[in-house]
Amino acid sequence: MSIKPARTRVAPSPTGHMHLATARVALYDYLLARKTGGQFILRIEDTDVSRTVPGAEQEIMDGLRWLELNYDEGPDVGGAFGPYRQTDRREIYHVHVNTLVDKGHAYPCFCTPARLEAVRQEQQKRKENPHYDGTCRLLSPDEAARRIASGEKYIIRFKMPREGTTIAKDHLRGEILTENKQLNDQVLLKSDGLPTYHLAAMVDDHEMGITHVLRGSEWLGTFPLHVNIVRAFGWEEPVWVHLSVFLKPSGKGKLSKRDSTLAMTDGYSVFIKDMNELGFTPEGVNNWIALMGWGVADEDVLSVDEMVDRFSIDGLTPSPAAINFQKLDHFNATHIRLFTTEDLAARIKPYFTREGLRVDDNVLLRIVPLLRERLVTLDDCLSFGSFFFKEDVSPNPEDLVAKGLDATQSAAIAQRAFEILSGQPAISHEQCEPPLRAYVEESGLNANQVFGILRVATTGQKVSPPLFESMEIIGREKCLARIKNAIELLKKM
RNA sequence: GCCCCCAUCGUCUAGUGGCCCAGGACGAAGCCCUCUCAAGGCUUAAACCGGGAUUCGAAUUCCCGUGGGGGCACCA
């Protein structure tokens with residue numbers, strides 16, 4: 001039962017860092033478009049000039065690319081329905097808002113911000129809902145034209161029907177009924193000549209042929225307004241899908257920037273730009289956000305391509321979802337284990353070089369299988385594998401002392417191990433483990449004690465990838481030198 | 001204050017009137033494996049917000065509460 005190709009769009013405002021919620025809308029947009037053979041579009045909603053942040057638009061584009069949610073049309077890739085930046089579309093909005101005025105669905109308003117504020121305060125004092133009092137709605141077209149001609153500043157408001165009920169249909173929630181008297185004569189065109197979201201988004205979605213509007217549920221409040229605008233134009237409505245909001249991990253309240261600052265200190269972030277630095281993968285992040293608001297019946301570890309196969313807007317859930325960073329860890333780690341050796345090597349290399357380590361690519365390729373199932377985030381490669389790229393290690397002498405033994409005993413064990421290993425032509429997993437195991441047997445020690453000393457001696461750390469595989473990669477010379485050094489350290493204790 | 005939305009284990013969710021004394025995943029606990037740490041395997045605890053109604057039968061439909069969330073700008 002194939003469906004018509006969907007045209008979807010993600011339409012963020014370049015007002016700050018790209019957020020998890022934006023990424024999720026983009027993901028679902030992308031999935032729907034790919035699933036139906038349609039197009040996924042990026043549109044920049046920059047009509048609030050005062051809030052536009054330099055670089056934010058670039059961050060959005062970088063973020064989408066990092067997530068591998070490549071858009072078919074957008075500011076930097078073009079397309080047949082451009083421009084894709086709203087400040088470049090001023091004239092289009094003017095044309096459309098004029099037709100609305102001509103049709104009697106909108107009107108010029110000359111009220112000053114000061115007067116509006118006074119009205120608002122008066123209404124609040126009387127415990128009424130704050131709303132525009134409709135003064136300019138009563139102006140005759142002639143008078144309005146006269147005042148415009150005389151140079152008076154004005155805006156355009158939507159003429160909301162006063163009677164009746166608006167029925168708006170959300171795909172996940174069904175029909176939402178709102179009494180029109182609850183609705184306000186919202187501003188469509190601001191005094192700076194730029195449209196508000198209400199006008200711009202409706203015009204663009206129509207002009208760009210958007211078939212499905214996926215957006216956050218914070219838009220539910222203005223949803224009736226939006227369908228009224230679309231209907232006033234006489235346009236066909238898209239399928240409206242209002243997604244659930246993301247809540248703080250506690251479940252108390254919507255996610256905010258403050259939470260991100262807090263989370264960063266724990267190695268997490270709600271900003272896409274931070275994800276790479278923190279060692280998260282696009283696969284992990286996509287999988288994580290996909291499943292907050294979408295119930296997939298069978299499998300939950302999915303690539304984006306697998307998501308495309310399974311995706312349907314019918315499976316989306318309307319209830320708010322508390323984000324859970326432990327799940328991000330889980331999905332990230334799970335995807336890392338799925339990467340090929342070459343792929344994972346390429347992905348972790350930057351984390352080593354970032355620390356100033358010189359990475360030997362052959363060594364890198366050999367350690368990846370050892371690291372793979374130990375990594376939760378990519379930067380975990382540092383704590384597990386930095387020593388592979390260091391000339392020397394500097395173990396903490398106390399860590400060299402085996403459990404239940406003292407320094408002298410430990411030194412003796414290290415000495416014996418040194419002799420066994422130096423008797424081998426090469427230090428390989430196959431050659432070293434049997435004689436060392438035999439030594440454990442005959443000495444009456446346990447493997448933990450003997451191998452523990454060697455681990456700290458050769459890797460410099462108490463926790464490491466498997467010992468023999470690690471020693472093999474470190475190499476005979478370095479291993480022996482490091483053990484020798486450990487013996488010295490133990491003797492000095 | 002007014003309007004709107006939502007409501008299944010701690011969290012994300014499956015469930016569209018009988019298949020559910022509610023399934024999966026994360027997390028937690030325990031066991032196995034084991035050279036550390038992981039990974040893996042097995043097991044356990046853990047939920048239908050409350051009350052009415054409809055029905056032979058309700059997690060699933062309806063109503064009322066309650067709780068949570070969002071919105072009430074010349075911001076998006």
Side-chain angles (χ1 to χ4, degrees), chain A residues 11-15 45-48 50-51 109 111-113 116-117 120 124 127-132 153-157 168 170 172-173 176-179 182-184 186-192 194-198 200-201 215-224 242 244-245 247 249-254 288 291-301 315 317-331 333 337 370-376 380 383-384 433 436-437 440 446-456 459 461-468 470:
Chain A
S13 291
T15 52
E45 308 227 328
D46 58 349
T47 54
D48 187 348
S50 66
R51 287 207 311 153
C109 171
C111 297
T112 63
L116 295 175
E117 183 53 33
R120 224 185 327 263
Q124 261 160 9
K127 300 214 158 121
E128 288 176 16
N129 291 336
H131 65 280
Y132 179 60
K153 283 202 105 178
Y154 69 99
I155 58 173
I156 304 289
R157 285 184 185 274
D170 174 79
L172 303 180
R173 297 153 222 266
I176 296 168
L177 277 61
T178 312
E179 291 190 56
Q182 300 290 347
L183 270 17
N184 207 347
Q186 294 287 351
V187 176
L188 298 178
L189 198 71
K190 301 181 281 182
S191 56
D192 64 0
L194 284 167
T196 57
Y197 173 92
H198 312 304
R215 40 148 48 167
S217 66
E218 61 269 24
W219 292 111
L220 239 23
T222 45
F223 184 26
H242 291 88
S244 60
V245 285
L247 270 24
S250 64
K252 302 278 178 205
K254 198 177 152 184
W288 180 49
L291 265 32
M292 285 188 287
W294 175 30
V296 190
D298 56 346
E299 185 59 58
D300 50 10
V301 175
T317 55
S319 44
I323 65 162
N324 181 330
F325 288 116
Q326 285 178 318
K327 269 198 141 148
L328 206 212
D329 280 342
H330 168 253
F331 284 121
R337 278 176 240 134
L370 268 37
L371 260 32
R372 185 165 13 225
E373 67 233 24
R374 278 163 251 271
L375 304 181
V376 172
D380 286 343
S383 59
F384 280 107
E433 184 163 3
L436 249 15
R437 288 235 178 244
V440 168
N446 63 46
N448 257 334
Q449 294 172 311
V450 176
F451 298 165
I453 294 171
L454 289 176
R455 180 188 317 285
V456 176
T459 70
Q461 48 197 55
K462 289 204 284 192
V463 174
S464 82
L467 178 63
F468 300 108
S470 296

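In what follows, chains are A, B, ... by sequence order, proteins preceding strands, each numbered from 1.
- For the pair Q326(A) CD and rU11(B) P, the interatomic distance rounds to 13 Å; values are reported in whole Å.
- Across the interface with RNA chain B, nearest-nucleotide mapping of V296(A) and H330(A) shows V296(A) to be the residue nearer the 5′ end.
- Minimum atom distance to the side chain of D300(A) is reached by rA25(B), of the listed rC12(B), rC3(B), rA25(B).
- For S217(A), no side-chain nitrogen or oxygen approaches OP1 or OP2 of rC5(B) to under 4.0 Å.
- A distance-only check finds no donor-acceptor pair linking the side chain of R157(A) to the backbone of L189(A) [under 3.5 Å].
- Listed by chain and residue number, nothing satisfies the salt bridge (Lys or Arg N to Asp or Glu O under 4.0 Å) test with D300(A) (two or more places apart in sequence, or in another chain).
- Rounded to an integer number of Å, the gap from CZ of F331(A) to C1' of rA25(B) is 7 Å.
- Closest to the A321(A) side chain, of the nucleotides rC5(B), rC12(B), rC37(B), is rC12(B).
- Closest of all the heavy-atom pairs between P465(A) and F384(A) is CD-O, 3.3 Å.
- In this structure, S244(A) and G293(A) approach most closely via the heavy-atom pair OG-CA, 4.3 Å.
- Note: CE (M292(A)) to P (rU13(B)) measures 8 Å, nearest angstrom.
- Nucleotide rA28(B) forms a pair with rU44(B), judged by Watson-Crick or G-U wobble geometry with both contacts under 3.5 Å.
- The nearest whole Å value for the distance from the NZ atom in K254(A) to the C1' atom in rG68(B) is 15 Å.
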Between the protein and nucleotides 72-76 of chain B, list every N/O to N/O distance that falls short of 3.5 Å.
unit_1	atom_1	unit_2	atom_2	d
rC74(B)	O2	S191(A)	N	2.7
rC74(B)	O2	S191(A)	OG	2.8
rC74(B)	N3	S191(A)	OG	3.2
rC74(B)	N4	C111(A)	O	3.4
rC75(B)	OP2	K190(A)	NZ	3.4
rC75(B)	O2'	D48(A)	OD2	2.8
rC75(B)	O2'	R51(A)	NE	3.1
rC75(B)	O2'	R51(A)	NH2	2.9
rA76(B)	OP1	T47(A)	OG1	2.8
rA76(B)	OP1	K190(A)	NZ	2.9
rA76(B)	OP2	Y197(A)	N	3.1
rA76(B)	O4'	R51(A)	NH2	3.3
rA76(B)	O3'	S13(A)	OG	2.6
rA76(B)	O3'	E45(A)	OE1	3.3
rA76(B)	O2'	S13(A)	OG	2.7

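- Residues A322(A) and M292(A) share a closest heavy-atom pair of O-SD, 4.2 Å.
- Phosphate proximity of rA38(B) to R337(A): absent, as no side-chain N or O sits under 4.0 Å from OP1 or OP2.
- Heavy-atom minimum distance, L172(A) versus H242(A): CD1-O, 3.7 Å.
- Between H198(A) and W219(A), the ring-plane angle classifies as perpendicular under the 30° and 60° cut-offs.
- Of all nucleotides present, only rC6(B) satisfies the Watson-Crick or G-U wobble test against rG67(B), with each distance under 3.5 Å.
- Among the protein residues, S244(A) comes within range of no part of the nucleic acid, since none of its heavy atoms lies under 4.0 Å from any strand.
- If you take CG of L371(A) and C1' of rA39(B), they are 13 Å apart, rounded to a whole angstrom.
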Open item on the list: Please evaluate residues N184(A) and H131(A) with respect to the criterion side-chain hydrogen bond (donor to acceptor under 3.5 Å, both in side chains), reporting the C-alpha separation (whole Å), side-chain torsions for both, the decisive distance (0.1 Å), and the verdict.
Closed with: CA-CA 6 Å; N184(A) 207 347; H131(A) 65 280; over 6 Å; no

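- To the nearest angstrom, P of rG69(B) lies 7 Å from CG of L247(A).
- Nearest to the side chain of Q182(A), among rC2(B), rA14(B), rU11(B), sits rC2(B).
- Of all the heavy atoms in W288(A) and N324(A), the pair that sits closest is NE1-O, 3.0 Å.
- Summarising the base pairing, rU34(B) is matched to no nucleotide, lacking a Watson-Crick or G-U wobble pair whose two defining distances lie under 3.5 Å.
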Nucleotide N/O to protein N/O under 3.5 Å, stretch nucleotides 30-36 of chain B:
unit_1	atom_1	unit_2	atom_2	d
rC35(B)	OP1	R437(A)	NH1	3.0
rC35(B)	OP1	R437(A)	NH2	2.5
rC35(B)	O3'	N448(A)	OD1	3.0
rC35(B)	O2'	N448(A)	OD1	3.2
rC35(B)	O2'	R455(A)	NH2	3.1
rC35(B)	O2	R455(A)	NH2	2.3
rC35(B)	N3	L467(A)	N	3.2
rU36(B)	N1	R455(A)	NH2	3.3
rU36(B)	O2	S464(A)	N	2.8
rU36(B)	O2	S464(A)	O	2.9
rU36(B)	N3	R455(A)	NH1	3.3
rU36(B)	N3	S464(A)	O	2.5
rU36(B)	O4	P466(A)	N	3.2

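- Judged purely by atom type and a 3.5 angstrom limit, K190(A) uses its side chain to pair as donor or acceptor with the backbone of T47(A).
- Straight-line distance from the CG atom of N324(A) to the C1' atom of rC12(B): 7 Å, rounded to whole Å.
- Atom-to-atom, NZ of K127(A) to P of rG1(B) comes out at 10 Å; the value is rounded to the nearest Å.
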